[in-house]
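So that we are looking at the same thing, I have put the structure below in structure tokens.
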Amino acid sequence: MFHQELERLRAAFPELSADYSPPWGMPTVQDFEDLAVRCGGRFPASFVAFQARYAMFMPVPDNGFRWANPGLEPYLSLETTIADARHCGVPDHLLPFWTDEGNFCCFDLSRPAADGECPVVFWDHESPDGDAAPVAKDFVAWLREGLERFRKHRNQK
């Protein structure tokens, strides 16, 4: 199902379609399997599919997005972001994929939907109670919102 949603996103933003392959290459499904073993959390299938295939055709919304490729510089690395999040006190049930200045967008692994997709939440390092605020029902919804902002910003130039 999420493949259809990602294809619909791709079709909804034709002006953004191009070769967006990152210069370090696309991560593989195996990279995510290995990361899950090292970090103790499995990413939702839509996120894995986006990084392993669809990111080639659609931009990521901003530079806070992190990648699963092994051996990346820390500022690009999903593995480093997860380690940083744990060091900052982000609970284990929140699996980060985006970061900016000590804040993280995460998948809330404690609340998976029937299809295995997880809601996206925002963990603010300055939040006094450490709670995470809901952001999107799943990764595809988060990506859609980000692509809409990307389109708007690009059109304003």
Side-chain angles (χ1 to χ4, degrees), residues 1-13 16-123 125 132 134-150:
M1 176 169 167
F2 64 84
H3 284 289
Q4 292 171 338
E5 292 178 35
L6 288 167
E7 285 294 339
R8 279 195 290 275
L9 266 186
R10 186 176 170 194
F13 295 89
L16 301 181
S17 292
D19 181 2
Y20 285 100
S21 299
W24 49 85
M26 305 295 287
T28 65
V29 173
Q30 187 61 53
D31 291 336
F32 278 97
E33 292 294 323
D34 296 344
L35 184 61
V37 169
R38 290 190 306 274
C39 297
R42 292 204 173 282
F43 285 92
S46 62
F47 181 73
V48 174
F50 177 77
Q51 281 212 12
R53 176 173 178 213
Y54 291 93
M56 181 180 296
F57 308 110
M58 292 184 275
V60 293
D62 60 45
N63 62 5
F65 193 81
R66 299 299 181 252
W67 297 89
N69 309 56
L72 291 176
E73 294 291 327
Y75 73 95
L76 295 168
S77 170
L78 197 50
E79 187 166 3
T80 299
T81 297
I82 295 167
D84 291 348
R86 299 300 174 243
H87 181 74
C88 290
V90 175
D92 289 345
H93 71 279
L94 300 180
L95 190 57
F97 65 92
W98 177 97
T99 184
D100 185 37
E101 298 183 16
N103 302 314
F104 301 90
C105 276
C106 308
F107 296 107
D108 185 346
L109 302 180
S110 71
R111 298 185 305 133
D115 62 2
E117 295 296 306
C118 297
V120 175
V121 298
F122 182 78
W123 188 88
H125 74 282
V135 172
K137 74 176 187 81
D138 58 24
F139 176 71
V140 175
W142 180 89
L143 183 60
R144 176 179 291 282
E145 291 170 16
L147 289 173
E148 287 169 355
R149 283 190 310 273
F150 185 87

Practice task
Could you tell me the separation between the CD1 atom of Ile82 and the NE2 atom of His87, rounded to the nearest 0.5 Å?
Solution key: 16.0 Å

Practice task
Measure the spacing between CZ of Arg53 and OG1 of Thr28 and express it to the nearest 0.5 Å.
Solution key: 15.5 Å

Handout entry: Considering all heavy atoms, the nearest Pro96-Leu78 contact
Key = O-CD1, 3.4 Å

Exercise for the section: Provide the closest heavy-atom pair for Phe150 versus Pro59 in the form atom of the first, atom of the second, distance. Expected result: CE2-CG, 3.6 Å

Output a table of donor-acceptor pairs, distance under 3.5 Å, between side-chain atoms of residues 60-68 and any protein atom two or more places apart or on a different chain; print 'none' if there are none.
unit_1, atom_1, unit_2, atom_2, d
Asp62, OD1, Gly64, N, 2.8
Asp62, OD1, Trp98, NE1, 2.7
Asp62, OD2, Trp98, NE1, 3.4
Arg66, NE, Tyr75, O, 3.0
Arg66, NH1, Asn63, O, 2.9
Arg66, NH1, Gly64, O, 3.2
Arg66, NH1, Tyr75, O, 3.2
Arg66, NH2, Tyr75, O, 3.3

Handout entry: salt bridge (charged side-chain N to carboxylate O under 4.0 Å, His left out) partners for Asp84, two or more places apart
Key = none

Handout entry: Within-4.5 Å side-chain heavy-atom neighbours: Leu94 and Leu109
Key = no

Exercise for the section: Only counting residues at least two apart or in another chain, list the ones meeting ring pair (Phe, Tyr, Trp, His ring centres under 6.0 Å) with Phe104. Expected result: none

Exercise for the section: Work out which heavy atom in Pro44 is nearest to a heavy atom in Gly116; give both atom names and the distance. Expected result: CB-O, 4.4 Å

Problem - Side chain Asp138, main chain Ala141, donor-acceptor under 3.5 Å - result: yes

Exercise for the section: Using the test ring pair (Phe, Tyr, Trp, His ring centres under 6.0 Å), find all partners of Phe13 that sit at least two apart in sequence or belong to another chain. Expected result: none

Practice task
Go through the structure and list residues passing side chain to side chain donor-acceptor pair (under 3.5 Å) with His93, not counting sequence neighbours.
Solution key: none

Practice task
Please identify each residue that fulfils side chain to side chain donor-acceptor pair (under 3.5 Å) with Arg38, with sequence neighbours left out.
Solution key: Glu79

Problem - side chain to side chain contact (heavy atoms under 4.5 Å, CB included) between Phe139 and Phe2, worked out - result: CA-CA 9 Å; Phe139 176 71; Phe2 64 84; over 6 Å; no

Practice task
Find out whether Phe122 and Pro134 are in side-chain contact, i.e. whether some heavy atom of one side chain is under 4.5 Å from a heavy atom of the other.
Solution key: no

Completion exercise
Residues at least two apart in sequence or cross-chain that pass salt bridge (charged side-chain N to carboxylate O under 4.0 Å, His left out) with Arg42, listed by chain then number, are Glu33

Practice task
Find out whether Pro119 and Phe107 are in side-chain contact, i.e. whether some heavy atom of one side chain is under 4.5 Å from a heavy atom of the other.
Solution key: no

Problem - Atom pair CG (Leu76) and CH2 (Trp24), whose distance is rounded to the nearest 0.5 Å - result: 4.5 Å

Fill in the blank from the handout: In terms of heavy-atom contacts, Leu6 and Ala49 come closest through CD1-CB, 4.2 Å

Practice task
Output the distance between atom CG (Leu143) and atom CE (Met58), rounded to the nearest 0.5 Å.
Solution key: 5.5 Å

Handout entry: Those residues that, when tested against His3, pass ring pair (Phe, Tyr, Trp, His ring centres under 6.0 Å) (two or more places apart)
Key = Tyr54

Practice task
For Arg8, enumerate each residue passing the salt bridge (charged side-chain N to carboxylate O under 4.0 Å, His left out) test, keeping only those at least two apart in sequence or located in another chain.
Solution key: none

Problem - Sidechain-backbone polar pair: Glu117 side chain, Ser46 backbone, donor-acceptor under 3.5 Å - result: yes

Practice task
Applying salt bridge (charged side-chain N to carboxylate O under 4.0 Å, His left out), name anything that partners Asp92, two or more places apart in sequence or on another chain.
Solution key: Arg86

Problem - Residue pair Asp31 / Pro70, side-chain heavy-atom distance below 4.5 Å - result: yes

Exercise for the section: Let me see the working for Phe43 and Phe97 under ring pair (Phe, Tyr, Trp, His ring centres under 6.0 Å), right down to the final yes or no. Expected result: CA-CA 9 Å; Phe43 285 92; Phe97 65 92; 7.7 Å; no

Fill in the blank from the handout: d(Leu9 CG, Phe50 CZ) to nearest 0.5 Å is 9.0 Å

Completion exercise
By side chain to side chain donor-acceptor pair (under 3.5 Å), Thr99 pairs with (sequence neighbours left out) none

Handout entry: Check: Thr81 side chain, Ser77 main-chain N or O, donor-acceptor pair, under 3.5 Å
Key = yes

Exercise for the section: Could you tell me whether the side chain of Cys106 reaches within less than 4.5 Å of the side chain of Val90, counting heavy atoms only? Expected result: yes

Exercise for the section: Measure the spacing between CG of Asp100 and SG of Cys105 and express it to the nearest 0.5 Å. Expected result: 9.5 Å

Fill in the blank from the handout: Across all chains, not counting sequence neighbours, the side chain to side chain donor-acceptor pair (under 3.5 Å) partners of Asn69 are none

Problem - Pairwise side-chain contact, Met26 with Gln51, heavy-atom cut-off 4.5 Å (strictly under) - result: no

